[in-house]
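Below: the structure, in structure tokens.
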Amino acid sequence: TASPILFPETVFNAPASHLATLLGFSAPAFTLIGDSAQFIPGLELAVQWLLDDVVDACLVVGAEEVDALTAEALHLLAPGAILTEGAGALYLERNGPGPVIEEIAGPIPIQGVPGRSARTAAAHRLRQSLTSNLPGTLLIDDATGCPRSDAPGLAAWQDWTGPRLSPRRLLGEAPGASTALQCVLAAGSIRSGRTARTLVPAIGADQQASALVLSRG
């Protein structure tokens with residue numbers, strides 16, 4: 001009978017279960033564990049649930065709370081990056097009025113010992129796996145302004161000539177929330193009429209690379 005908020009560090013699904021309780025949800029509450037790119041596979045799972053009639057709608061949330069352990073890890077892996085916290089969410093329906101998920105690419109595994117070369121290879125494979133027609137698309141990348149961590153993504157998209165935004169340069173690196181915030185910006189850019197299509201690539205620290213393509217539909 002104890003509240004799941006008592007166990008956020010030991011029961012992975014506790015925060016999602018607590019949020020579902022606060023919102024009065026009776027549908028499944030599920031947590032995917034992964035690196036900062038995990039939000040996009042979360043969207044893919046939501047799409048599958050919608051297609052399989054498991055749910056009528058799905059709220060996908062990515063959140064991050066700053067702590068000393070995360071700060072120290074970021075300092076070691078991406079020196080110079082600014083750690084921040086926050087949350088972002090997308091609400092998906094099968095026939096909703098908002099932007100349409102045109103394509104989800106990946107997850108492409110980061111193979112071998114995680115590092116710049118492994119992440120760069122995954123970033124290139126991710127780009128090659130995309131099938132959407134990308135000219136004129138707004139690229140919302142995951143660059144933070146830290147050369148060491150940005151190098152794989154910048155290498156994969158170095159010849160990109162279309163419009164581009166790098167929100168993490170302004171917002172900082174919020175590992176579990178950063179990709180969610182990129183996706184929220186992508187959806188908002190379409191809803192505002194700024195663009196007809198957005199592309200969100202996310203190169204995780206050590207597990208995967210994924211990408212989301214949204215369009216006006």
Q.
Quick one about Asp142 and Ser178 (side-chain donor to acceptor, distance below 3.5 Å, no hydrogens or angles considered), yes or no?
A. no

**Q.** Non-hydrogen side-chain atoms of Trp157 and Arg164 separated by less than 4.5 Å
**A.** yes

Q. Quick one: does Glu85's side chain have a donor or acceptor within less than 3.5 Å of a partner on Glu65's backbone?
A. no

Q: Using a strict cut-off of less than 4.0 Å between a Lys/Arg side-chain nitrogen and an Asp/Glu carboxylate oxygen, indicate whether Arg168 and Asp150 qualify as a salt bridge.
A: no

Q.
Between Thr144 and Glu173, do the side chains contain a donor N or O and an acceptor N or O under 3.5 Å apart?
A. no

Q.
Restricting to side chain to side chain donor-acceptor pair (under 3.5 Å), what partner residues turn up for Asp56, sequence neighbours left out?
A. none

Q. Would you call Arg94 and Asp53 a salt bridge, taking side-chain N to carboxylate O under 4.0 Å as the test?
A. yes

**Q.** side-chain contact (heavy atoms from CB on, under 4.5 Å) against Leu45, all qualifying residues, sequence neighbours excluded
**A.** Phe30, Leu32, Trp49

Q.
Please enumerate all residues that pass side-chain contact (heavy atoms from CB on, under 4.5 Å) together with Ala89, with sequence neighbours excluded.
A. Leu59, Val61

Q: Can you measure from CG (Leu214) to CD (Glu103) and round to the nearest 0.5 angstrom?
A: 11.0 Å

Q) Just checking, any donor-acceptor pair under 3.5 angstrom between side chains of Gln38 and Thr179? A) no

Q) Which atom pair, heavy atoms only, marks the closest approach of Leu212 to Cys183? A) CD2-SG, 3.6 Å

